[in-house]
Every structure is written in structure tokens, then in C-alpha cells.
Amino acid sequence: TGIFLEFYQALLAEFQQRYPGVVEQSKAFLFHMPFTKIAQKALKLAQGMVSLDRVQEWTSHLETATLINRQVGNIYTGSLYMSLLSLLINDEKLDAGDKIAMFSYGSGAVAELFILEIQANFDMQVDYNLIIKMLENRKALSIADYERIYQTRLPQDGSDFLGKPEANYHGFYIKDIHNHQRTYGYQ
């Protein structure tokens, strides 16, 4: 947590120095979140670096940005983009042209801060009902099933692989791998 927050604070200061006023134009600030409270801690560090009004606005958007994260749990790598998805489908205060600051952090001590701009008709691009349906249709796994799936190794040496989803599975799966190229299927 400490290194994450140090990187965030240093990167925010450097970004503001290189691009004065750009971060402050962002309507929301999203984070890579291995756990949701880390974003709250990061926003507290922004106090004094940006206006208090801006920090309060970012904090108000954080609740909708973490709704899906709280349902799904820690997915680590995808947490930043899951927050973006949650914000886009749950936050009614966003408009085309609004900017969103994104802080990405990797455990290899690498971090990025970048700004997105919401495009026109963004709300037409994400199927809210499909997302909710997918969340509601998740399948609980036993520890044994989880371990079996987790320990499944895909070829790294260029050899072929043919995937087969379980009979009752619905969603994307690796259909095959040929010459290091993955093909995904949907069932």
C-alpha cells in the first residue's frame, strides 16, 4: 500500500508539473484497486495538490466506480478497467466531453497516469442489462474446482492447444492456440 501511494503522489505531482491544469479538469479519478479502500487513501493524498472541490467531486464518483469491483472482488489486473465500466454504467452525472483521470499501478513498481475523454453516445456502447445478467449468472466454484482451473497450464512453447468449455458454461473461453495465437470462442 505504501509504495502504491508513494508512486501515486509522485506521479500526480509530475503530471501536474508537465501538464498544468489537466488533471484538475477531470470529473472523476479512477485507480488500479487491489482493494477498494486504496482509492480513498489516494484521494486523501490529492488534498493540497488540487482543489478541495475537485477532490470532493472525485470522491463522489468513486462510489459508483467501485460498485462492480465490490461485487466481483479482487481481479487485480483488470480492476482499473472494471472501475471504468462501473463508472460508465452507474454514474448518471457523466457527459460526453468529460475527462477521467486513470492511475494504473503494477506490482513491478511501474505506474502510469493518463486522461480519458468520454465520447458522444458512450452510454449506447455498453449493454447495462448484459453486464448485470453476467454478474447475476456467475457460478460459485468449490476450492477444488478453482485449484484445478488455476493449475491448468497453457502451452508456452508454440505447441497447439484445443480448448473445450464445460457443458453448462456460458461465456468466453480459449477455443484453441496455434503458433502462439489464441482464438476465443463464446458459448
Side-chain angles (χ1 to χ4, degrees), residues 1-8 11 28-44 58-59 61-91 100-114 116 122-123 125-187:
T1 302
I3 295 173
F4 175 102
L5 295 173
E6 286 176 30
F7 267 65
Y8 166 70
L11 199 52
F29 205 129
L30 304 182
F31 299 85
H32 165 86
M33 290 187 286
F35 57 94
T36 55
K37 287 192 178 185
I38 200 164
Q40 295 166 344
K41 292 178 180 184
L43 286 180
K44 285 182 183 175
W58 291 345
T59 302
H61 291 285
L62 189 59
E63 187 63 33
T64 55
T66 59
L67 289 173
I68 293 178
N69 299 65
R70 292 176 193 278
Q71 281 186 282
V72 172
N74 181 5
I75 65 165
Y76 199 77
T77 302
S79 65
L80 177 63
Y81 299 98
M82 190 162 44
S83 297
L84 177 61
L85 178 64
S86 184
L87 183 75
L88 291 175
I89 68 173
N90 292 307
D91 198 316
I100 301 171
M102 306 276 284
F103 176 73
S104 176
Y105 175 81
S107 56
V110 175
E112 292 181 318
L113 175 58
F114 53 97
L116 302 180
F122 73 94
D123 52 337
Q125 303 303 314
V126 179
D127 187 338
Y128 174 81
N129 293 323
L130 177 62
I131 301 297
I132 299 306
K133 183 179 177 184
M134 289 170 61
L135 289 169
E136 290 172 349
N137 290 333
R138 290 178 293 168
K139 176 184 170 189
L141 295 177
S142 67
I143 291 173
D145 284 341
Y146 173 81
E147 288 175 344
R148 178 182 51 77
I149 293 167
Y150 184 77
Q151 292 172 359
T152 300
R153 298 289 178 227
L154 298 173
Q156 303 294 315
D157 62 359
S159 59
D160 289 349
F161 170 84
L162 185 59
K164 181 181 172 189
E166 295 179 20
N168 293 330
Y169 176 78
H170 297 287
F172 290 98
Y173 67 97
I174 298 176
K175 186 175 179 181
D176 63 50
I177 301 175
H178 181 69
N179 291 331
H180 295 286
Q181 293 182 350
R182 293 181 182 188
T183 302
Y184 293 88
Y186 185 82
Q187 154 176 307

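What you see below is based on every heavy atom in this structure, not just the backbone, and it leaves out hydrogens, waters and symmetry mates.
Counting non-hydrogen atoms of other residues, nucleotides and ligands closer than 6.0 Å to OH of Y173 gives a total above 12. Y150 OH: 12 or fewer foreign heavy atoms inside a 6.0 Å radius. For L116, the CG atom counts as densely surrounded, since its 6.0 Å shell holds more than 12 non-hydrogen atoms of other residues, nucleotides or ligands. The neighbour count for L154 CG, taken as heavy atoms of other residues, nucleotides or ligands under 6.0 Å away, is above 12.
Nearest heavy-atom pair across M82 and G73 is CE-O, 4.0 Å. When all heavy atoms are compared, the tightest approach of L11 to L113 is CD2-N, 3.5 Å. The two residues K175 and G185 come nearest to each other via the heavy atoms CB-N, 3.9 Å. Minimum interatomic distance between Q71 and L135 (heavy atoms only, all atoms of both residues): OE1-CD1, 3.3 Å. The minimum heavy-atom distance linking S104 with H32 is given by the pair CA-CB, 4.2 Å. Among all heavy-atom pairs drawn from P165 and Q187, the shortest one is CG-OE1, 3.2 Å.
Residue pairs meeting the side-chain hydrogen bond (donor to acceptor under 3.5 Å, both in side chains) criterion with at least one member in residues 155-166, sequence neighbours excluded: R148-E166, D157-S159, D160-H178.
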> After noting the C-alpha distance and the side-chain angles of I68 and I89, does the key distance pass the side-chain contact (heavy atoms from CB on, under 4.5 Å) rule?
Replying inline: CA-CA 10 Å; I68 293 178; I89 68 173; 3.7 Å; yes
>> Quick one, F31 with F29, criterion ring-ring contact (aromatic ring centres under 6.0 Å, His included). Give me CA distance, side-chain angles, the key distance, then yes/no.
In response: CA-CA 7 Å; F31 299 85; F29 205 129; 4.9 Å; yes
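Residues satisfying the ring-ring contact (aromatic ring centres under 6.0 Å, His included) test with F161, not counting sequence neighbours, are none. Evaluation of the ring-ring contact (aromatic ring centres under 6.0 Å, His included) rule for F103 yields F4, Y8 as partners, not counting sequence neighbours.
Proximity of R138 to V72: side-chain heavy atoms (C-beta onward) are separated by under 4.5 Å at one or more points. Contact annotation: the side chain of V110 never approaches that of F7 to less than 4.5 Å [non-hydrogen atoms, C-beta and beyond].
Separating the CG atom in L87 from the CD1 atom in I100 is a distance of 5.0 Å, to the nearest 0.5 Å. Expressed to the nearest 0.5 Å, how far CG of L141 lies from CD of E147 amounts to 11.0 Å. Distance CD/Q151 to CZ/R153: 7.0 Å, rounded to 0.5 Å. Atoms CG and CE, on N129 and M134 in that order, are 13.0 Å from each other to the nearest 0.5 Å. Annotation: the span from I177 atom CD1 to T183 atom OG1 amounts to 9.0 Å, rounded to 0.5 Å. Between the CG atom of L88 and the CD1 atom of I131 there is a distance of 10.5 Å, given to the nearest 0.5 Å.
Formation of a donor-acceptor pair under 3.5 Å by the T66 side chain with backbone atoms of N69 is not found in this model. Here the side chain of N137 pairs a donor or acceptor atom with the backbone of K133 at under 3.5 angstrom. A side-chain donor-acceptor contact under 3.5 Å links S83 to the backbone of S79.
No side-chain N or O of N90 forms a donor-acceptor pair with one of T64 less than 3.5 Å apart.
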